[in-house]
2 protein chains.
Amino acid sequence: MIRFESPKVTADVVLFSIYNDNLQMLLVKRKNPPFRGQWALPGGFLERKESLLAAARRELFEETGVRHLYLEQLYTFGDPGRDPRGRVVTVAYFALVPSPLSVSAGSDAREAKWWPAGGLPKLAFDHKRIIECALTRLRAKLEYTNVAWSLLPKKFALTDLQKVYELVSGKELDKRNFRKKILSLGLLRPLKERRTGAHQRPARLYAFKTKKKVELKRFFK
Amino acid sequence: MIRFESPKVTADVVLFSIYNDNLQMLLVKRKNPPFRGQWALPGGFLERKESLLAAARRELFEETGVRHLYLEQLYTFGDPGRDPRGRVVTVAYFALVPSPLSVSAGSDAREAKWWPAGGLPKLAFDHKRIIECALTRLRAKLEYTNVAWSLLPKKFALTDLQKVYELVSGKELDKRNFRKKILSLGLLRPLKERRTGAHQRPARLYAFKTKKKVELKRFFK
DNA sequence: ACAAAAGTGTTCGATATACACCCATGT
DNA sequence: ACATGGGTGTATATCGAACACTTTTGT
């Protein structure tokens, strides 16, 4: 059954968030070789009796302190030579958090930092490719699911939701058409609260009726 | 770096085809424990210096003799306990061939057999779950890509193509609307040939202008 | 009063759906 | 002649895209 030394298996996570008018992703600085000092995706080796999803969740928690978020399997990368230490198969995950402010240092004490999707540093391993894959997936899912809603807090204005779509897709949307469509889905509950305090008319706040994943044919564009 | 004995990695393939008015999939009978005598997906262990895709392609060739087909990564299954021999992480692939007639015995000499998607036998490991995942993917891709065209030979009648859509989706389609839409995509080339010999009016044959994968928003239904 | 974002409807073109009959062949 | 699947067009409903002005607040 065993034909050669088995590959190692890691779970790595591409974690997205939105702040500062930018789609951002979390990277950690490597403390050990290979690629010491370079930025990489948070992740690490699968532990005994641990599912792949659990490994991704654990690694993310260790790096960021975040426990509750949207997390789904992305793709598996296993080309020989992608890790100089030997054969490593990486199961990549794709994650969304509402706000990077909720991300603490993490117990791993590695340096972690948010980077705008448009200005990433040089990355270790084949992590650039993994991130491109995650971006493609995020953009695709924007169009036919409501996953992108996981980038928002519990209460938000319609403008915030529109901003998420615009930042991820890179396209501007018409405010009237956007509101018409999003409200027609019947998945939002208008709250009595408004967001006040800005130098402008206060925005009505909304909440999702469900945080469940919904597949919607022809969602946006 | 090594915290415990590494998992083994396999590549397994869900191979679809259409014949006999059914969506069918290829299974092999296991010759060794565990699950000896039960039906399972073709697949096997990753070899040294072999990419995941190459492993899937190799396993499929060994079992079926098929070399050229549509092949894409599906999902990775790694729950502890899914293989009684120990920790096994399986990268599942998803494949389409035009006609099961082109599938020979394969050098592995394992018993291989096509089964209709609606009437599968009891399966080894968690392969039932993997197949469900593949079916979901196939049905989803039907709607926004042209991958399903890989289930057809070089020359085919429009009715054949419609049949593919109907068998995979399980829904009947209107002949006139189907033809209008499929031809409006401009991806088919009408041939001068017709399919003759049946007890009916001969059908015009068509060929794909490209076998390349095309993403089409709102493709069918 | 002014700046800044919130909020709101209608028109038009494109696309999807529903639907029924004649045609060409083999026996 | 008849059985079998091949082939074709139109009318209606639905959806997406384009488009501009008034409202409410804080300073």
Side-chain angles (χ1 to χ4, degrees), chain A residues 18 20-21 142-146 152-153 155-167 169-207 214-221, chain B residues 18-21 142-144 146 152-153 155-167 169-207 214-221:
Chain A
I18 284 182
N20 240 353
D21 251 27
L142 202 67
E143 292 184 6
Y144 65 95
T145 74
N146 63 342
L152 287 180
K155 299 171 181 184
F156 54 89
L158 291 187
T159 317
D160 302 334
L161 187 51
Q162 183 175 345
K163 201 79 196 222
V164 170
Y165 277 87
E166 290 180 336
L167 285 174
S169 71
K171 288 177 234 162
E172 290 208 344
L173 298 172
D174 180 87
K175 207 195 330 184
R176 285 164 293 184
N177 291 342
F178 180 84
R179 284 161 183 249
K180 209 186 312 168
K181 210 159 166 186
I182 210 92
L183 290 174
S184 76
L185 296 172
L187 299 172
L188 295 185
R189 196 177 62 244
L191 304 175
K192 288 187 178 161
E193 276 173 272
R194 286 153 188 284
R195 175 188 298 157
T196 182
H199 302 197
Q200 68 233 191
R201 176 170 176 177
R204 154 144 280 127
L205 295 180
Y206 289 78
V214 180
E215 298 267 332
L216 304 157
K217 291 313 152 197
R218 300 178 227 124
F219 190 39
F220 268 97
K221 263 263 188 36
Chain B
I18 283 181
Y19 79 112
N20 237 355
D21 250 28
L142 201 66
E143 292 183 5
Y144 65 95
N146 63 344
L152 286 180
K155 300 171 182 183
F156 55 89
L158 291 187
T159 318
D160 302 334
L161 187 51
Q162 184 175 344
K163 202 77 195 226
V164 170
Y165 279 87
E166 291 180 333
L167 285 174
S169 70
K171 289 178 233 158
E172 290 208 344
L173 299 172
D174 180 85
K175 208 196 326 186
R176 284 163 294 184
N177 292 342
F178 180 85
R179 284 162 184 248
K180 210 186 309 168
K181 210 159 164 188
I182 210 90
L183 290 174
S184 77
L185 296 172
L187 299 172
L188 295 186
R189 196 176 63 244
L191 305 176
K192 290 189 177 161
E193 276 173 272
R194 290 155 187 278
R195 175 188 297 158
T196 182
H199 302 196
Q200 71 232 194
R201 177 169 172 176
R204 153 142 283 127
L205 295 179
Y206 289 79
V214 180
E215 298 267 331
L216 303 158
K217 293 309 152 200
R218 303 180 225 123
F219 189 39
F220 268 97
K221 260 266 192 27

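Naming: A, B, ... by sequence-line order, numbering from 1 per chain. Predicted model only: the values in this text are computed from it and were never measured. All heavy atoms count here, side chains included; hydrogens, waters and symmetry mates do not.
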What is the separation between atom [atom1] on [X] and atom [atom2] on [N], rounded to the nearest whole Å?
{"X": "B:Arg194", "N": "D:dG6", "atom1": "CZ", "atom2": "C1'", "value": "10 Å"}
{"X": "A:Leu161", "N": "C:dA6", "atom1": "CG", "atom2": "P", "value": "13 Å"}
{"X": "B:Glu193", "N": "D:dG6", "atom1": "CD", "atom2": "P", "value": "17 Å"}
{"X": "B:Gln162", "N": "D:dG5", "atom1": "CD", "atom2": "C1'", "value": "12 Å"}
{"X": "A:Phe178", "N": "C:dA6", "atom1": "CZ", "atom2": "P", "value": "12 Å"}
{"X": "A:Asn177", "N": "C:dA6", "atom1": "CG", "atom2": "P", "value": "17 Å"}
{"X": "B:Lys181", "N": "D:dT8", "atom1": "NZ", "atom2": "C1'", "value": "18 Å"}
{"X": "A:Ile182", "N": "C:dA6", "atom1": "CD1", "atom2": "P", "value": "15 Å"}

Legend entry - Distance-only donor-acceptor test (3.5 Å): side chain A:Lys180, base C:dT10: yes
Inset, instruction - Please state whether the base of C:dA6 and the side chain of A:Lys175 form at least one donor-acceptor pair under 3.5 Å? - result: yes
Inset, instruction - Assign each of A:Arg179 and B:Asp174 to its nearest nucleotide of DNA chain C by heavy atoms, then name whichever residue's nucleotide is nearer the 5' end. - result: A:Arg179
Inset, instruction - I would like to know whether A:Glu193 and A:Lys155 meet salt bridge (charged side-chain N to carboxylate O under 4.0 Å, His left out); could you show each step before the answer? - result: CA-CA 9 Å; A:Glu193 276 173 272; A:Lys155 299 171 181 184; 2.5 Å; yes
Inset, instruction - With the side chain counted from C-beta on, respond yes when B:Tyr206 and B:Leu158 share a heavy-atom pair under 4.5 Å apart, and no when they do not. - result: yes
Inset, instruction - Examine C:dA6: is either OP1 or OP2 under 4.0 Å from a nitrogen or oxygen in the side chain of A:Thr159? Give yes or no. - result: yes
Inset, instruction - Would you give the length of the straight line joining atom OH of B:Tyr165 to atom NZ of B:Lys181, rounded to the nearest 0.5 angstrom? - result: 9.5 Å
Legend entry - Trace of the salt bridge (charged side-chain N to carboxylate O under 4.0 Å, His left out) decision for B:Asp160 with B:Arg195: CA-CA 11 Å; B:Asp160 302 334; B:Arg195 175 188 297 158; 2.5 Å; yes
Inset, instruction - Look at all strands and tell whether B:Ala157 reaches a base, only sugar-phosphate, or nothing, counting heavy atoms closer than 4.0 Å. - result: nothing
Legend entry - Residue whose nearest DNA chain D nucleotide is more 5′ - B:His199 or B:Tyr206: B:His199
Among the candidates [options], find the nucleotide nearest to the side-chain atoms of [X].
{"X": "B:Arg201", "options": "D:dT4, C:dT17, D:dG7", "result": "D:dG7"}
{"X": "B:Arg176", "options": "C:dC19, C:dA6, D:dT4", "result": "C:dC19"}
{"X": "B:Arg204", "options": "C:dA6, D:dT27, D:dG7", "result": "D:dG7"}

Legend entry - Exercise: identify the closest heavy-atom pair between A:Arg179 and A:Thr159: NH2-OG1, 3.4 Å
